[in-house]
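The structure presented is a predicted model; accordingly, all values stated were derived computationally and were not measured. In what follows, chains are A, B, ... by sequence order, proteins preceding strands, each numbered from 1.
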Amino acid sequence: MEPRSDERPLPQDVGRAFYIFRRGQPVCPPAGRSVVIVQGARMAKQHDMPEDLFRVRHSLAHIMAEAVLERYPDARPTIGPPVENGFYYDFAVGQPFTPEDLDAFEARMKQIVKGNYEFKRREVSEAEARRIFAANPYKIELIDGLASGAGDDMGDEEEAQPAGQAISIYSQDTFTDLCRGPHVASTKEINPDAFKLTSTSGAYWRGDEHNAMLQRIYGVAFRTRRELDEYLQRVEEAKKRDHRKLGRDLDIFVFDDEVGPGLPLWLPNGGILIEELERLAKEVELRAGYDRVRTPNLTKEDLFLKSGHLPYYAESMYPPMELEGVKYYVKPMNCPMHHKIFAAKQHSYRDLPMRLAEYGTCYRYEKSGELFGLMRVRSMQMNDAHIYCAEDQFEQEFMGVIGLYLEYFKLFGIEKYVMRLSTHSPKGLGRKYIDNEALWLKTEEMVRSAMTKHQVPFVEVPDEAAFYGPKIDVQIWSVIGREFTLATNQVDFAQPGRFNLTFINREGKEETPLCIHRAPLSTHERMIGFLIEHYAGAFPVWLAPVQAMVIPIADRHVAYANQVAGRLRAEGMRASVDDSTERMQNKIRKAQGQKIPYMLVIGDKERDAGAVAVRLRTGEDLKAMPLEQFIARAVPIMKSRAPDL
RNA sequence: GCUGCCUUAGCUCAAUCGGCAGAGCAAUCGCUUCGUAAGUGAUAGGUUUCGGGUUCGACUCCCGAAGGCAGCUCCA
């Protein structure tokens, strides 16, 4: 088996796809609980990770604040929670921190830890808390929140505390912080060699870009030096399979400054990946009853006004071009045009469900800082389709799409993902979301019950829906740990009405269909970015840009090598001949570097016997075998899209 | 977009205090014709990302822009 994208271990004891999200990050389950809530998960936060680590990380955040305040007395600590692998603390401070600051903070923290200071908890009245933190407007704001029953310095606003509950403060050495705890009893519980400050960055107060920007310092912390080293090692290893690096090494894609940021150029090897994925999608979608359509990359403004996209998405659309007084937009999604295709004909209930598929190319003007290799780009080709169905067909259609997800994940061996039911939030109605709460609740329940009935595990996260309806997103992680939505399955109760889409039902009356937006194979960009990392560049045979490299040992073997490659190509394999003047060893090394599945070495013996000596990229040497025998082995593996070699 | 950092040959990186811009790999041309992860010689490759400034002199210092990286925000 080829390596999978698993170097960022999931919390232990957690069933796959069964863990909890907090602020979009998966977090550990309560100690001793192996399966966790699927819906509306809210939990006592001190149990998000083993409690001793939670205390250590949380306490280190306070100790870091002490070190920061010693060096910068004007800094104002704001919020500093433990997080996966460590902790951070956000400070309001005049000057951003420098790498030298970090070194100094870390050195000072080690001293403090070795000082064996006690962490003392004290409960204070609201008035006293206001006195203690009078010089820190951020803490005062937190106290305001506590007094009114909102969150605390963990930044977890959803987890409301009863109003009027006692306010607690924690002190160690010279530092006192507003804090719920818990903490270590003494700094001697902290291993001074098992933590490290890793980075600084800007971060908005309370995660809102309209607020002031604070300076965040991240640290990682573990129980032992060894665990810390292992973590740092894992991070280094992960960088090696970063799709941005492998994409260049394997000649899959490039970015060019003169073309523009976020606009990838697919090299021939990338072109092959795209072709293979589209071939897969077309086969699967043909079987699943989809019709393929094609639509323009450009449409008049009116269409996006009608769809309702412009008010919500204008910021991430390329600005319009105006011709003869008419504004045209480059499309950021295909749906409005698919709706128009549905509307082009009158439909009977007998036509439904109607499934319109298109690998459409869309353009979205993502903010510059949001671009990320292939995972977040400005031009993308989506595995898009829209399913128009009657309400009583919804469950089957929606779960049919989920079935496609699962089929693809099995094919690719994707095991680390989470399905997320993204729902609306009441406060976003009319702003982020279509203002029809009844329909939200109804469609959310439709999805929830369909998923539950079919026993597909999911987590539920409010305020993540599309503007037109709830959705099931499939969350995956890039090799460096960033979370992305890979695939999506969205309910749309808004656009069919806006487009006056109707069908004639059994009673002979007009009825508005539901629409399901879905993209199980994501976009080519994100899917391939993910697959590069998932396979660490060692693609299964069917995806490998070069499937077999024929390696003649000496010049006199080149003619036969070309013959072999020709025979393989006749079987539909992508085979090349390395006829460079290098030695065989060097040719093998290069082919290994390109992660080519099969290396076929050819010398006198093979030429004379009509054979090939097969070396797999795993290093395994299958020795010489008749060419036809190799074909009998490899071609079925290729055609069946098997993971084997 | 915001905060910080970075940008030297196709790639990975050097260049002392401001004093002649270098190496490995890759590429090209030879020699070598080899049995499972680097044979060998030579050649070429640079307006040090771009635009200003300071200086006798700038890869090096200052200002601005572009692109990238980390995080925030946002997202397929």
Side-chain angles (χ1 to χ4, degrees), chain A residues 24 88 90 93 95-99 101-102 198-218 239 242 244-245 248-249 251 254-258 260-262 313 315-316 332-333 362 364-377 380-384 464 466 471 473-474 476 480 482-488 490 517-527 529-530 551-558 581-593 599-606 613-617 619-624:
Chain A
Y88 69 79
D90 288 345
V93 60
Q95 287 289 319
F97 300 118
T98 65
D101 286 330
L102 244 60
T198 51
S199 63
T200 61
S201 73
Y204 300 107
W205 166 237
R206 300 216 139 164
D208 186 332
E209 64 179 321
H210 304 295
N211 288 343
M213 178 154 275
L214 311 170
Q215 294 300 319
R216 174 171 299 181
I217 304 176
Y218 278 99
K239 284 181 188 162
D242 188 312
R244 293 167 296 183
K245 172 174 165 50
R248 191 172 48 232
D249 293 348
D251 294 326
V254 292
F255 288 97
D256 186 296
D257 287 358
E258 287 187 282
Y313 281 146
E315 267 193 22
S316 50
M333 61 274 300
C362 297
R364 297 180 184 177
Y365 195 82
E366 306 289 355
K367 293 180 196 167
S368 55
E370 291 163 352
L371 300 174
F372 179 75
L374 282 181
M375 304 294 263
R376 191 74 182 275
V377 291
M380 69 202 85
Q381 299 156 268
M382 262 198 280
N383 174 226
D384 208 3
E464 293 283 341
K471 55 181 179 166
D473 291 324
V474 178
I476 51 100
I480 60 166
R482 199 177 298 195
E483 180 182 353
F484 290 94
T485 298
L486 186 69
T488 186
Q490 313 180 341
H517 305 236
R518 41 114 281 178
L521 283 180
S522 193
T523 61
H524 283 322
E525 289 72 19
R526 191 168 286 181
M527 191 72 198
F530 173 75
I551 298 176
I553 291 175
D555 287 350
R556 63 178 179 280
H557 308 123
V558 169
T581 62
E582 296 293 340
R583 296 172 67 211
M584 175 203 64
Q585 279 84 347
N586 183 275
K587 295 176 183 178
I588 288 176
R589 183 180 156 82
K590 276 193 291 193
Q592 285 288 150
M599 282 153 267
L600 307 180
V601 178
I602 292 205
D604 291 336
K605 285 180 292 188
E606 287 76 18
V614 181
R615 177 195 164 100
L616 307 181
R617 71 174 163 221
E620 190 180 353
D621 183 358
L622 301 185
K623 309 290 184 191

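- Listed nucleotides: B/A76, B/U36, B/A70. Nearest to the side chain of A/S522: B/A76.
- Applying the 4.0 Å criterion to OP1 and OP2 of B/U73, one finds that A/R206 has every side-chain N and O outside that range.
- Taking atom C1' in both B/C11 and B/C75, the straight-line distance is 31 Å, to the nearest Å.
- Counting non-hydrogen atoms under 4.0 angstrom, A/D604 reaches a base of the nucleic acid.
- Regarding A/L102, its CG atom lies at a distance of 12 Å from the C1' atom of B/C5, rounded to whole Å.
- Taking atom CG on A/D257 and atom P on B/G51, their separation rounds to 14 Å, with Å as the unit.
- For the C1' atoms, the distance linking B/C5 with B/A9 amounts to 24 Å, nearest Å.
- Residue A/R615 is the one, among A/R615 and A/L374, whose nearest nucleotide of RNA chain B lies closer to the 5' end (criterion: closest heavy atom).
- Across B/G46 and B/C59, the matching C1' atoms stand 11 Å from one another, rounded to whole Å.
- Of the side-chain N and O atoms in A/R244, one or more sit less than 4.0 angstrom from OP1 or OP2 of B/A70.
- Using atom C1' as the reference point in both B/G41 and B/G4, the two lie 48 Å apart (nearest Å).
- When both distances must be under 3.5 Å, the Watson-Crick or G-U wobble mate of B/A15 does not exist.
- Of the candidate nucleotides B/A76, B/U73, B/C34, B/U73 has the atom lying nearest to any side-chain atom of A/K367.
- Summarising the geometry, the separation between CZ on A/F372 and C1' on B/U73 is reported as 16 Å, rounded to the nearest angstrom.
- In this structure, the side chains of A/Y313 and A/M333 come closer than 4.5 Å at one or more pairs of heavy atoms.
- Geometric assessment of A/R526 against the ring of A/F484 yields a negative cation-pi assignment under the 6.0 Å and 45° thresholds.
- Computed from coordinates, the A/R482 CZ to B/C74 P distance equals 14 Å when rounded to whole Å.
- Using Watson-Crick or G-U wobble geometry with both donor-acceptor distances under 3.5 Å, B/U40 finds its partner in B/G30.
- The gap from the P atom of B/C62 to that of B/C6 amounts to 10 Å, rounded to the nearest Å.
- Candidate nucleotides B/G35, B/G39, B/U73 were compared by shortest atom distance to the side chain of A/E209, and B/U73 ranks first.
- The nucleotide B/U7 finds its pairing partner in B/A66, both defining distances of the Watson-Crick or G-U wobble pair being shorter than 3.5 Å.
- A/T581 comes within 4.0 angstrom of a base, heavy atoms only.
- Considering only side-chain atoms of A/A554, the nucleotide from B/U3, B/U33, B/G39 that sits closest is B/U33.
- Using N1 to N3 plus N6-O4 or O6-N4 for Watson-Crick, or N1-O2 and O6-N3 for G-U wobble, each under 3.5 Å, B/C72 pairs with B/G1.
- The side chain of A/R216 sits closest to B/G71 out of B/G71, B/A76, B/G39.
- Of the side-chain N and O atoms in A/K471, one or more sit less than 4.0 angstrom from OP1 or OP2 of B/A76.
- The A/I553 side chain lies nearest to B/C34 when the options are B/U73, B/C34, B/U33.
- Side-chain atoms of A/P261 lie closest to B/G67 of the nucleotides B/C72, B/G67, B/A37.
- A donor-acceptor contact under 3.5 angstrom links the side-chain atoms of A/Y204 to the base of B/G1.
- Closest contact between the side chain of A/Q592 and the listed nucleotides B/C34, B/U32, B/A37 involves B/A37.
- The pair A/D384-A/R518 does not meet the salt-bridge criterion, since no charged nitrogen lies less than 4.0 angstrom from a carboxylate oxygen.
- Searching all strands for a Watson-Crick or G-U wobble partner of B/U54 with both distances below 3.5 Å returns nothing.
- Listed for the A/S522 side chain is a donor-acceptor partner under 3.5 Å among the backbone atoms of A/L486.
- Residue A/T485 is classed as a sugar-phosphate contact, given heavy-atom separations below 4.0 Å to backbone atoms only.
- A donor-acceptor contact under 3.5 Å is formed by the side chain of A/E606 with the base of B/G35.
- Across the protein-nucleic acid pair, A/D90 atom CG and B/U73 atom P stand 10 Å apart, rounded to whole Å.
- When rounded to the nearest whole Å, the span between CD of A/E370 and C1' of B/G67 equals 17 Å.
- Taking atom P on both nucleotides, B/U60 is separated from B/C20 by 13 Å, rounded to a whole Å.
- Between A/N586 and B/G39, a side-chain N or O to OP1/OP2 separation shorter than 4.0 Å is present.
- Salt bridge A/R216/A/D90: present, at least one basic N to carboxylate O contact under 4.0 Å.
- Within 4.0 Å (heavy atoms only), A/I551 reaches no atom of the nucleic acid at all.
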* To do: Start with the C-alpha gap between A/K587 and A/E582, add the side-chain angles, then the distance that decides, and say whether salt bridge (charged side-chain N to carboxylate O under 4.0 Å, His left out) holds.
  => CA-CA 7 Å; A/K587 295 176 183 178; A/E582 296 293 340; over 6 Å; no
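- Atom-to-atom, NZ of A/K605 to C1' of B/G35 comes out at 7 Å; the value is rounded to the nearest Å.
- In this structure, the CE atom of A/M375 is 17 Å from the P atom of B/C75, given to the nearest Å.
- The closest donor-acceptor contact from the side chain of A/D242 to the backbone of A/K239 lies at 3.5 Å or more, if one exists at all.
- Judged by distance alone with a 3.5 Å cut-off, no donor-acceptor contact links the side chain of A/R364 to the base of B/C75.
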* Asked: Passes side chain to side chain contact (heavy atoms under 4.5 Å, CB included), A/V474 versus A/T485? Steps please.
  -> CA-CA 6 Å; A/V474 178; A/T485 298; 5.9 Å; no
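- Residue contacts for A/A613: at a heavy-atom cut-off of 4.0 Å it reaches a base atom on one of the strands shown.
- For the pair A/E366 and A/E582, both in contact range of RNA chain B, the more 5′-proximal nearest nucleotide belongs to A/E582.
- Considering every non-hydrogen atom in both A/L102 and A/T198, the closest pair reads CD2-C, 4.2 Å.
- B/A66 and B/G52: their C1' atoms are spaced 15 Å apart (whole Å).
- Across all strands shown, A/Y218 has heavy atoms under 4.0 Å from sugar-phosphate atoms exclusively, and none from any base.
- When distances are taken from the side chain of A/M213 to each of B/A38, B/U3, B/G1, the shortest belongs to B/U3.
- Side-chain atoms of A/H557 come within 3.5 Å of backbone atoms of A/D604 as a donor-acceptor pair (strictly under, hydrogens ignored).
- Rounded to whole Å, the separation between the C1' atoms of B/U48 and B/A23 comes to 16 Å.
- For B/G45, there is no paired base (Watson-Crick or G-U wobble, both distances below 3.5 Å).
- Under the Watson-Crick or G-U wobble criterion, with both distances below 3.5 Å, B/G35 has no partner in any strand shown.
- Nearest nucleotide to the side chain of A/S368, out of B/C74, B/G1, B/C72: B/G1.
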